[in-house]
There are 2 protein chains.
Amino acid sequence: MISFEGFVQEDGSPIYLQILRYIKRGVVAGVIRDGDELPSRRVLSALLGVNPNTVQKACRTLEEEGLLCSFAGSKSLMQLDEEKIRAIRTELVTEDALTAVRALRQMGIGKAEAMALLEQAWQTAEAQDSAPHAKEAEQ
Amino acid sequence: MISFEGFVQEDGSPIYLQILRYIKRGVVAGVIRDGDELPSRRVLSALLGVNPNTVQKACRTLEEEGLLCSFAGSKSLMQLDEEKIRAIRTELVTEDALTAVRALRQMGIGKAEAMALLEQAWQTAEAQDSAPHAKEAEQ
DNA sequence: CCAACTGTATCACTGCTATAATACAGTTGC
DNA sequence: GCAACTGTATTATAGCAGTGATACAGTTGG
C-alpha cells in the first residue's frame, strides 16, 4: 500500500497536481513500485484532508497517462516499467531544474554563484529533512 | 521606462504573479532601478496581451509591498533601496532554489547528481537564451 | 481651459479548482 | 446472498483568476 506520510499541502498550485507530483516523485525515488496498491479514493481523501473528487481527478490523470490501472469495484494498482519511470524522471527533472535555473539567470546571477546558492539550498533542505527525525528519536 | 520585452506568459500560475516575479527579478538583476517608471496600466496590458485589471492586481501588490508608488492621475514609479533589493533577492533565491532542491531530493536524487543535472539545465537555458538572438542578427 | 492621459473602482461573465452530498454499479469476503 | 467495500458519475455551491466594458476623479501639456 502506497504511503502518503511525507505529503504536505502548501503550494499555490492545484491540489490534484500536488498529489500527482508526489506520486510521480515517489516512483522516481523507487518508493512506489509496479503493482503497488493505491489507497481507495475515500481513504486517501480522508488521509490528505481533501475532497474525494480532488483525489479522483488526480487518479484519472494518472490513468490517462497509463501509470495507474483502476478496476471498477476493486483496487487501483500502479502500472510501471523502466521506460515509464525514465520518462517521468526526465519530465520532473526538466520541469524542476530548468524552472529554477531560468529564474536565477533572469536575476542576472552567474553560473558559479548560482551553483553555490543551489548547494547552499541543498544544505538547508538536508537540515530541514533531518530535523523532524528528532521527534522519532524521542520515542 | 521599464521594458517588458523578455516577458513570456507560460506558467500555470496566475498571470499577476508572473508579472510580479518578472519585475522583482528585473530589480535583482539591476535592470529595474529606483525611480524607474512603469508603463501605464492600459499600455502595459496591451503590451502583455492581458486585461488591465490583471495588471492592476500586480501593481496593487507591488504597492502593498512598498516597491511601487502610484500617483492617482499620474505616473507610477519604482521605490527601491539597497535593503529592499537584498530582501527581494533573498526571497526569490530561496523560493526558486529551495523549491527545485526539495523536488530533486524527494526523487531520491543524490547531491552530486543533482548538481550535475542543474549544471546541465544551465547549459540548456543558456542555449535557449542565445538562440533567439539569431533573429536579431538577421536584421 | 480642455483634451488626453493617468490611476482607481465597479459590474457582469466565464472557466477552473475545490467542496459537499448523493447515487449507482461492480467486487470481495464472510 | 449480502453487507461492506471499491471506482465512477452527477448535481449544486463557492471562491479565485481572468476578461470585457464602463465609469469617475486627478494630472498634465498644449
Side-chain angles (χ1 to χ4, degrees), chain A residues 1-4 7-24 32 34-80, chain B residues 1-4 7-24 32 34-80:
Chain A
M1 186 68 68
I2 299 174
S3 161
F4 282 80
F7 186 88
V8 275
Q9 184 183 337
E10 42 181 345
D11 221 18
S13 82
I15 301 176
Y16 78 93
L17 288 181
Q18 294 182 44
I19 298 174
L20 210 62
R21 280 195 294 262
Y22 178 88
I23 293 176
K24 285 185 175 181
I32 297 174
D34 181 65
D36 277 2
E37 184 184 349
L38 199 71
S40 83
R41 311 290 191 261
R42 291 167 181 83
V43 169
L44 185 50
S45 66
L47 271 175
L48 303 183
V50 302
N51 195 276
N53 297 334
T54 305
V55 172
Q56 170 63 6
K57 190 164 186 176
C59 289
R60 197 189 324 139
T61 308
L62 271 180
E63 212 161 359
E64 285 169 359
E65 295 182 14
L67 305 178
L68 184 71
C69 191
S70 298
F71 304 90
S74 181
K75 306 175 173 185
S76 292
L77 304 180
M78 294 300 294
Q79 229 176 1
L80 303 170
Chain B
M1 187 68 68
I2 299 175
S3 161
F4 282 79
F7 186 87
V8 274
Q9 183 183 338
E10 41 182 345
D11 221 17
S13 81
I15 300 176
Y16 77 94
L17 289 181
Q18 294 182 45
I19 298 174
L20 209 63
R21 280 195 293 263
Y22 179 87
I23 293 176
K24 285 186 174 180
I32 298 174
D34 181 66
D36 277 3
E37 184 183 348
L38 199 72
S40 83
R41 311 291 192 261
R42 292 167 180 83
V43 168
L44 184 50
S45 66
L47 271 175
L48 304 182
V50 300
N51 195 276
N53 297 334
T54 304
V55 173
Q56 170 63 5
K57 190 164 187 176
C59 290
R60 196 186 328 139
T61 309
L62 271 179
E63 212 161 359
E64 286 169 357
E65 295 183 13
L67 305 178
L68 184 71
C69 192
S70 299
F71 305 90
S74 181
K75 306 176 174 183
S76 291
L77 305 180
M78 294 300 293
Q79 229 177 0
L80 303 170

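Order of the sequence lines sets the chain letters (A, B, ...), proteins ahead of strands, with each chain counted from 1. None of the values given here were measured: they were computed from a predicted structure.
Between A:Ser70 and the phosphate of D:dT6, there is no side-chain N or O to OP1/OP2 separation shorter than 4.0 Å. In this model, the phosphate group of C:dG7 is not approached by any side-chain N or O of B:Lys75 to a distance below 4.0 Å at OP1 or OP2. For D:dT6, neither phosphate oxygen OP1 nor OP2 lies less than 4.0 angstrom from any side-chain nitrogen or oxygen of A:Ser76. Taking only side-chain nitrogens and oxygens, B:Ser40 comes nearer than 4.0 Å to OP1 or OP2 of C:dT6. Between D:dT6 and A:Arg41, no contact under 4.0 Å exists linking OP1 or OP2 to a side-chain N or O.
Checking C:dA18, C:dC24, C:dT6 against the side-chain heavy atoms of A:Tyr16 singles out C:dA18 as nearest. The listed nucleotides are D:dG18, D:dA9, C:dA9; the one nearest the side chain of B:Thr54 is D:dG18. Relative to the side chain of A:Glu63, the nucleotides C:dA9, D:dT10, D:dT8 differ in distance, and D:dT8 lies closest. Comparing atom distances between the B:Asn51 side chain and each of C:dT19, C:dT6, D:dT19 picks out D:dT19 as nearest. Residue B:Pro14 places its side chain closer to D:dA17 than to any other of C:dT17, C:dA18, D:dA17.
Per the geometry, CZ belonging to A:Phe71 stands 11 Å off P belonging to C:dT27, to the nearest Å. In this structure, A:Gln9 atom CD and C:dT17 atom P are separated by 14 Å, rounded to whole Å. Remark: P of C:dC5 and CE of B:Met1 are 14 Å apart, rounded to the nearest angstrom. If you measure from atom CD of A:Glu37 to atom C1' of D:dT6, you get 10 Å, rounded to the nearest angstrom. In this structure, B:Ile15 places its CD1 atom 14 Å from P of C:dC16, rounding to the nearest Å. For B:Lys57 and C:dT8, the NZ to C1' distance is 16 Å, given to the nearest whole Å. Whole-Å rounding puts the B:Arg60 CZ to C:dT8 P distance at 9 Å. Atom C1' of nucleotide D:dA21 and atom CD of B:Gln56 are separated by 16 Å, given to the nearest angstrom.
When atom types are taken as modelled, the side chain of B:Glu63 and the backbone of B:Ser70 share a donor-acceptor pair closer than 3.5 angstrom.
Between A:Ser13 and B:Ser74, the residue whose closest nucleotide on DNA chain C is further toward the 5' end is B:Ser74.
The CD atom of B:Gln79 sits 7.5 Å away from atom CG of B:Asp34, with the distance rounded to the nearest 0.5 Å.
For the pair B:Arg21 and B:Ser13, the minimum side-chain heavy-atom distance is below 4.5 Å. Side-chain contact check for A:Gln9 versus A:Ile15: some heavy-atom pair is nearer than 4.5 Å.
A:Asn51 approaches A:Ser45 most closely through the heavy-atom pair C-CB, 3.8 Å.
Base contact: B:Arg42 has a heavy atom under 4.0 Å from a base atom.
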